[in-house]
Amino acid sequence: MPLVNYSSSSDDEASGGSHRETVAERQSNRDPDASANRPGEVGKAQHSSLPPLPSAFHDLYAATVRQSTVDDPSLHQGRKRQVPHIAGHWPSHVYIEWRPNYEQHAALTRLLTTVETTLNGEIKLHQFMTSDLGAPLPLHVSLSRPLSLQTAEKDDFLSRVTESLASGSMQPFEIQPRNLAWFTSPDSNRSFLVLGVSTTGGEGNNKQLMELLEKSNAASSRFKQPLLYQSQDADMARTAFHISIAWTFAKPGHDLSQATLDLFQKLPLEEVMGWKINVSSVKVKIGNAVTSIELSRRGSGSDRTRLLFDES
């Protein structure tokens with residue numbers, strides 16, 4: 001007996017081959033909404049019917065495969081490492097992760113398309129929204145500069161950050177986009193198109209974000225690492241938090257016309273500015289290991305996730 005009871009081509013030919021129903025047609029006949037779920041036509045029904053993956057699953061695959069043991073900008077669209085790789089040192093980062101839902105991802109993609117149309121070829125813009133294979137990527141709000149921890153330091157650094165953030169003094173909160181702007185990184189030769197963010201209902205003081213920043217900087221300072229936003233005064237630091245959505249090697253103040261910059265202020269941002277982004281954890285990435293620290297958890301525990309590859 002065959003594993004699947006399909007008719008053979010000879011059977012179809014014997015019956016005259018008057019009707020050969022394709023897989024898509026059979027699914028469409030069973031499900032009137034199936035046409036919206038075909039590749040390239042993914043509908044909301046498909047996304048809403050599937051349970052979300054646990055956040056720990058995403059952490060397992062947060063690192064990309066190393067393509068070279070040396071810094072090779074040709075493998076990364078001309079980008080160079082902000083912190084050069086040194087044997088025995090671990091590139092590290094403290095940040096808030098945000099995974100836009102289907103509607104948010106689509107809205108940001110439309111926004112970037114509008115921006116590129118506005119730029120009209122003035123600069124080359126690279127987006128952070130999807131991977132080279134078209135898979136949606138997470139975005140983030142940085143709470144530290146790019147760090148480089150020695151092997152003997154990394155566990156102690158993680159313990160101190162975890163103890164500070166998971167002490168119970170910080171509870172989950174919400175942030176929301178407030179503007180679209182250019183941010184020129186002091187750590188690289190790139191400029192970033194960013195969504196500036198602020199604490200929801202915080203009257204502009206960004207109290208929770210500033211508290212997270214201070215805790216992260218305190219741990220970085222203890223290990224003689226560079227501090228984030230410390231070169232700015234307190235008022236400027238409060239408005240510096242952002243989510244990068246694209247980047248360019250151009251310097252917008254020099255390589256973009258003022259007319260284009262002025263036009264950015266007229267982009268349709270009402271939908272994006274109304275979003276509320278929940279902040280319930282902080283991620284600490286050390287090498288290829290990501291640890292998620294829940295803000296609402298009391299004590300020094302954390303959700304330690306994934307160690308994909310050993311780095312020396």
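Since this is a predicted model, take the numbers as computed values, not measurements.
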> Ignoring hydrogens and geometry, is there a side-chain-to-backbone donor-acceptor pair from T248 to K124 under 3.5 Å?
Replying inline: yes

>> Let me confirm one number: the OG-NZ distance from S292 to K285, rounded to the nearest 0.5 Å.
In response: 14.0 Å

> Q150 and K154: side chain to side chain contact (heavy atoms under 4.5 Å, CB included), yes or no, with the steps?
Replying inline: CA-CA 6 Å; Q150 296 183 32; K154 63 185 183 67; over 6 Å; no

>> Main chain of A250, side chain of D255: is a donor-acceptor contact present, judged purely on distance under 3.5 Å?
In response: no

> Do the non-hydrogen side-chain atoms of S191 and F183 ever get within less than 4.5 Å of each other?
Replying inline: no

> Any idea which heavy atoms bring L112 and M129 closest together, and the distance?
Replying inline: CD1-CG, 3.6 Å

> Do T151 and W90 meet the criterion of a side-chain donor-acceptor pair at a distance under 3.5 Å?
Replying inline: yes

> Just wondering, do L209 and F173 contact through their side chains at under 4.5 Å, heavy atoms?
Replying inline: yes

>> So L256 and W182, do their side chains get closer than 4.5 Å, heavy atoms only?
In response: yes

>> Looking at every heavy atom in both V161 and A219, which two are closest together, and how far apart are they?
In response: CG2-CB, 3.5 Å

> Is there side-chain contact between T291 and I286, with heavy atoms separated by less than 4.5 Å?
Replying inline: no

>> Counting C-beta onward and ignoring hydrogens, is there a side-chain heavy-atom pair between I245 and Q127 closer than 4.5 Å?
In response: no

>> Would you compute the distance between atom CD of Q208 and atom OG1 of T200 and round it to the nearest 0.5 angstrom?
In response: 9.0 Å

> Would a distance-only check, ignoring hydrogens and angles, find a side-chain to backbone donor-acceptor pair under 3.5 Å from S281 to E294?
Replying inline: no

> Do the ring planes of F249 and H126 sit parallel (below 30°), tilted (30 to 60°) or perpendicular (above 60°)?
Replying inline: perpendicular

> When rounded to the nearest 0.5 angstrom, what is the spacing between OG in S280 and CD1 in I293?
Replying inline: 12.5 Å

>> Looking at L212, is its backbone amide N or carbonyl O close enough to the side chain of S216 to form a donor-acceptor pair, meaning the two atoms are under 3.5 Å apart?
In response: no

> Would a hydrophobic clustering, with Ile, Leu, Val, Met, Phe, Trp and Tyr connected at side-chain separations under 4.5 Å, put L267 with V272?
Replying inline: yes

> Of E153, H89, Q225, which meets side chain to side chain donor-acceptor pair (under 3.5 Å) against S148?
Replying inline: H89

> With a 4.5 Å heavy-atom cut-off, do N278 and W98 have their side chains touching?
Replying inline: no

> Would L263 end up clustered with L193 when hydrophobic side chains under 4.5 Å apart are linked, directly or stepwise?
Replying inline: no

> Salt bridge check: are E174 and K276 linked by an N-O gap of less than 4.0 Å?
Replying inline: no

>> Would L137 and F128 count as a side chain to side chain contact (heavy atoms under 4.5 Å, CB included) here? Give the steps.
In response: CA-CA 7 Å; L137 293 175; F128 284 121; 5.8 Å; no

> Just how far is it from atom CG of L213 to atom CZ of R238, taken to the nearest 0.5 Å?
Replying inline: 11.0 Å

> If you measure from CG on N205 to OG1 on T239, what distance do you get to the nearest 0.5 Å?
Replying inline: 12.5 Å

>> Show, in sequence, the C-alpha distance, side-chain angles and deciding distance for V194 and L180, and conclude whether the side chain to side chain contact (heavy atoms under 4.5 Å, CB included) test is met.
In response: CA-CA 6 Å; V194 306; L180 182 70; over 6 Å; no

> Which atom pair, heavy atoms only, marks the closest approach of R178 to A240?
Replying inline: NH2-N, 4.3 Å

> With no hydrogens and no angle check, do the side chains of H93 and S142 hold a donor and an acceptor under 3.5 Å apart?
Replying inline: yes

> Are any side-chain N or O atoms of Q104 and backbone N or O atoms of N101, one a donor and one an acceptor, separated by less than 3.5 Å?
Replying inline: yes

>> Show, in sequence, the C-alpha distance, side-chain angles and deciding distance for L195 and N179, and conclude whether the side chain to side chain contact (heavy atoms under 4.5 Å, CB included) test is met.
In response: CA-CA 6 Å; L195 290 175; N179 65 357; over 6 Å; no

> Do the side chains of M273 and L139 join up, straight or via other hydrophobic residues, at under 4.5 Å, putting them in one cluster?
Replying inline: yes

> Does the side chain of T162 pick up a donor-acceptor pair with the side chain of S159 at under 3.5 Å?
Replying inline: no

> Any side-chain heavy atom of V279 sitting closer than 4.5 Å to one from T199?
Replying inline: no

> Do Y229 and N217 come within less than 4.5 Å of each other through their side chains, counting heavy atoms only?
Replying inline: no

> L261 and L111: same hydrophobic cluster, using ILVMFWY side-chain contacts below 4.5 Å?
Replying inline: yes

> Are L143 and L227 connected, step by step, through hydrophobic side chains (Ile, Leu, Val, Met, Phe, Trp, Tyr) whose heavy atoms are closer than 4.5 Å?
Replying inline: no

> Taking all atoms of both residues into account, what is the closest heavy-atom pair of W275 and A107, and its distance?
Replying inline: CZ2-CB, 3.7 Å

>> Restricting to non-hydrogen atoms, name the atom on S220 and the atom on F157 that form the minimum distance, rounded to 0.1 Å.
In response: N-CE1, 3.9 Å

> Going through the checks in order, is the side-chain hydrogen bond (donor to acceptor under 3.5 Å, both in side chains) test met by T260 and S257?
Replying inline: CA-CA 5 Å; T260 302; S257 66; 2.8 Å; yes

>> So which atom in S144 and which in L228 form the shortest heavy-atom distance, rounded to 0.1 Å?
In response: N-CD2, 3.5 Å

>> Could you measure the distance from the CG atom of L147 to the CZ atom of F223? Nearest 0.5 Å is fine.
In response: 10.5 Å

> Is the closest basic N to carboxylate O distance between R110 and E271 below 4.0 Å?
Replying inline: yes

